[in-house]
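Just so you know, ligand 1 is whichever comes first in the structure, and atom 1 is the first atom listed for that ligand.
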Amino acid sequence: MENLAPIEVLDLEKLSFDKFREEVLKDYRSACESREASLLGRKEVLTGKAKFGIFGDGKEVPQVAMAKFFRPGDCYAGYYRDQTFAFATGAATIEEFFSQLYADPDPSHDPHSAGRQMNSHFATPFVDSDGSTLDLVNRKNLTAGLAPTAAQLPKALGLASASKAFREVKALQPFTELSNHGNEVCFCTIGDASTSEGHFWETLNAAGVLQVPLAIFVWDDGYGISVPRQYQTTKGSISEVIKGFQKEDGTNGIDIYKVKAWDYAGMCEVFETGLRAVRQTHTPALFHVEEVTQPQGHSTSGSHERYKSPERLEWEREWDGIKKLKEWIIDNALASEDELNDIETEAKESVRNSRNLAWEKYQSPIRIQVTRSAELIREMAHDSPDHAEPLLKLATALASNREPGRKEVLQTLHEAIGVAGSAAARKALAYYKELKTENEALYNTHLYHEGARKILQVPEVKAVYTDNAPVLNGYEVLNRYFDQLFTHNPKVLAFGEDLGKIGDVNQGFAGLQAKHGADRIFDTGIRELTIMGQGIGMAFRGLRPIAEIQYIDYLLYGLQPLSDDLASLQYRTAGKQTAPLIIRTRGHRLEGIWHSGSPMGLILHSLRGLHVCVPRNMVQAAGMYNTLLEGADPALMIECLNGYRLKEKLPSNLLDFRVPLGEPEVLREGEDITLVSYGATLRIVQEAAGAVEAFGISCEVIDVQTLLPFDVHHNILESLKKTSRILIVDEDVPGGAAGFIFNKVMEEQGGYKWLDTAPRTITAQAHRPAYSSDGDYFSKPNAEDIIDAIREMIAE
Ligand SMILES: Cc1ncc(C[n+]2csc(CCOP(=O)(O)OP(=O)(O)O)c2C)c(N)n1
Ligand SMILES: [Mg+2]
C-alpha cells in the first residue's frame, strides 16, 4: 500500500496514562449525557411536548468506542439508534437532538432536518446553498438517516465505493478536497433484526466482491421491536451465519469481528485494529456487537415488558453498558466512584439545560404568533360586538394553550375570521396569509435544489449541425457523446449490468471501457438495489455517477432507495444534502411482459424529487444529460428501446448543447387538434397525424420531453387555445402518466376553459403487453386507434 498517505489512528496503547484517563472519562460523560437525553426525551413524549421518540439507550458504550475512530472525511450511514455516535463525533449537540424531537422547523435549531424528520435522524451538510459539494475531506460526514429498516445499506456501499474510485481512478487524484487517496471509511450501523432484509445481504455480497471500505456495525439487542432473534436470523447469530463471507488468503470477502457491547476496552481494541485494516486495505468489515441492551424498550409507542421476560429485563439491568463501564473504570483505578457520580450529576444537569433551551427556542416564535393572533382576534371582537363572545373565547383558548403549535395558531385565526366576517377581519386575514407563507417556506421547500444550480436555470443551447453532419444510429450518437463526456469530465463514472466490457446491451458504451478505464466504466453483478445505492453514495461524495438499470422493467428492484432515500433527500435535509445521481435506463416498446414496460405513473408518483426525462431520440437524450450535469438534482433518463437503431444527425457541439427540462417541443404545427405524447409513442402519433391529413385534419404534435419537471411555461395550453381539442397518448396503464398529463393541463394550466370537445387519453391496456408483434399491437396504442380517436373528436 505504498501509495497511501500515512494514516494517524488513535492508538490507545501509546497514550500517556493521564491522556488515557481523560479519554475514558470523556467517553463516560458522553455515554451518561446520551442516556440522560434518552430518559428525558421519553418523558417529553409522554407528557405531550413531542409526538414520538426513539432513542439510543443501551447502545451508548459501543458508540463512544466507534466514534473514536471516525475521522474527518469518513462517512456515516446509519439508523435511529445512533445519537451517542452523533454527539461523540460532534456532528450533533444535545440541544439539537431536542429541537429535532420537538420538530422545530428552524434550520438553525434543528440543522439536521429542519423539523422534517423524526428524532435521531442526523445529517451534516454535504453541499452549500449553491449545490456545490463542500470540502468533505475535512468534515465528519453523516448522511441523513431514514426510517425504513436496512435502507441505509445500499447507500453505504456507494459511500464506500467512492473511496475506491478516489484511490484508483487517476483522473480523480486532483480532487483532494473530496478525498485523501480514498482513505475514507463508511461507517454503517444496523439493528440485528434488520439484517433479515434483502438489502443487508445484497450489500454484504456486493461489498465482498467490490472490496470497498465499508464497516458495518450490527447493534444486536436480540429484538426487532417485539420479535426475537430466533425468528430473524438463521442460527440466531448474524456473525455465525455469514461465516462464508470471511475473507481468506487469496480471496475477496469481508472481515468479521465479534464484540460485547458492555466491554468498552475490548471494543476499542477491536474497532481500532479492524477499522485500520478497512481503511488501509479496503477490505470491508462487519462488527457484530452482541449483548446490547435497550433499557426503555423500542420506542415511545409501547413498553417492552409486554414481550421481554422478567429474566431478560433483569439481565439487561445487570449488563447495562454504562454500569459495566463504571465498574471497569473503578476496577482499573481510573477514577473513584465519587468522581463518576459527579459526572453523572453534571450530565443530568447539562442535558436538562439543553432540553430547556431547545424548548424555549422552539416555542418563542410560536408564542409571538399566539400573542399577535389573540390581539387581532380581540380587536375583531371589539369592532364587531355581535360576535364578541365567540371571538373572545377563541382568543382566550389560544392564549392559554400551554404548548401551542403553528397549526393551532392558524386554525384559530381561520375560525375567528370566519366568525367575524371578512370586512371586520381585514388585518387578521393579512396576518393569516403572512403566516401561511411563512409556514410554506418552513414546510414545503427543497424538494429540488433551489440555489444557483437549479435545473430550470440551465439555459438552452441549441444543437448545431454542420453541412456534412454524419448520420448515425441512435446508439452511435450516444456512444460518441459518452466518449467525449468521459474525456472531459473526470467525475463521471458509469456502471451497471453488462455496461463495462460489452458497453451496455445497446452498445452506448461500446469500446469506451478500453479507452477510459475499467475503474470508470464497469460491470456490476445483477443487483439493481445496490447499483442504485452505489450511485447514490458516490453522488453524495461529489462524483457524477451514471448508474444503469438494464431495462426499465427492472427498476422496481431498485426503486426503494430511489423513492425513500434519494427522492426525499433534499427535502428532509432542507437542502443540506443532495446526491445528483443520474439513473440511465431504457424502456417503452420492445417485446413481452418484462421487456416493454412503460410504468411511468409508478415512476412519477414514487420519484417526486427526481427529474424524469423521456427523450424521443438519442440526440435529445445527450442534450438532457448535459443539462442534468449542470444541475445539482438526481434524475432518471429513460431512453427509447426502439430508438437505438434509428438514424440521427450528429450535432457538432455534442458536449455543449443543452436541452432545457420542462419545455415541450412542438414537432408538427397544426390547427385542429393537439396531440401530446413522449418517448416511443411519439412516432406512432406522428404517423397518425400524417395519416389524418388526408381527411383534412391538421394536428399539432407536442413532445413533452420531460415528465418531471412538466411543461413549466404552459406551452401545451397555448396549443390548446388554438385547437380546442386535446388527445394525450402514451403506453402506460390507463390513468398512469397520461392521467398525470391530463391533470397538469386541465387543472394546473386551466386547459378545461378552452375545450370544444371532451379531452381524451389513449394508453396501453391495463394488463402487461403480450409478447411479439401482434401482442404488442393489441396491448399498446397503435396508429389506427389514434386515427379513429382523432376523427371522432373532430366529428363531435
Ligand atoms: C421496511 C420497514 N419495515 C418495518 C419497519 C418498522 N420497524 C421499525 S424498527 C423495527 C425493528 C428493527 O429492529 P432492529 O433492526 O433490531 O433495530 P433495533 O430497533 O432493535 O435497534 C421495525 C420492524 C420499518 N421501519 N421499516
Ligand atoms: Mg434489535
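- Residues Trp328 and Tyr264 bring their aromatic ring centres within 6.0 Å.
- Looking at Glu197 next to ligand 1, no N or O pair under 3.5 Å apart turns up.
- Looking at Gln232 against ligand 1, nothing comes within 4.0 Å, counting heavy atoms.
- Exactly one of Lys68, Arg541, Arg279 qualifies for a salt bridge (charged side-chain N to carboxylate O under 4.0 Å, His left out) with Asp74. That residue is Arg279.
- For the 3.5 Å distance criterion, the side chains of Asp27 and Ser30 fail to qualify, holding no donor opposite an acceptor.
- The side chain to side chain donor-acceptor pair (under 3.5 Å) search around Thr84 returns Ser34, not counting sequence neighbours.
- Under the 4.0 Å distance rule, the nearest protein heavy atom to atom 6 (C) of ligand 1 falls outside the cut-off.
- Proximity to Ala193 (heavy-atom distance under 4.0 Å) selects the following atoms of ligand 1: 13 (O), 14 (P), 15 (O), 16 (O).
- Of all the heavy atoms of Trp219, none lies under 4.0 Å from any atom of ligand 1, so neither backbone nor side chain is involved.
- Of the heavy atoms in Thr195, none comes closer than 4.0 Å to ligand 1.
- Ring pair Phe70/Tyr76: centre-to-centre distance not below 6.0 Å.
- Shown here are the side-chain contact (heavy atoms from CB on, under 4.5 Å) partners of Ile254, two or more places apart in sequence or in another chain: Leu204, Ile242, Phe245, Ile256, Pro284, Leu286.
- Nearest-heavy-atom check against atom 14 (P) of ligand 1 across Ser299, Gly58, Gly191 picks out Gly191.
- Every residue two or more places apart in sequence or in another chain that forms a salt bridge (charged side-chain N to carboxylate O under 4.0 Å, His left out) with Glu327 is listed here: Lys323, Lys324.
- Among Val292, Thr189, Ile225, the residue whose heavy atom lies closest to atom 23 (C) of ligand 1 is Ile225.
- Only protein atoms were considered; those of element N, O or S under 2.8 Å from the Mg ion (ligand 2) number 3.
- Trp359 has its ring centre less than 6.0 Å from the ring centre of Tyr102.
- By the 6.0 Å and 45° rule, Arg116 does not stack over the aromatic ring of Tyr443.
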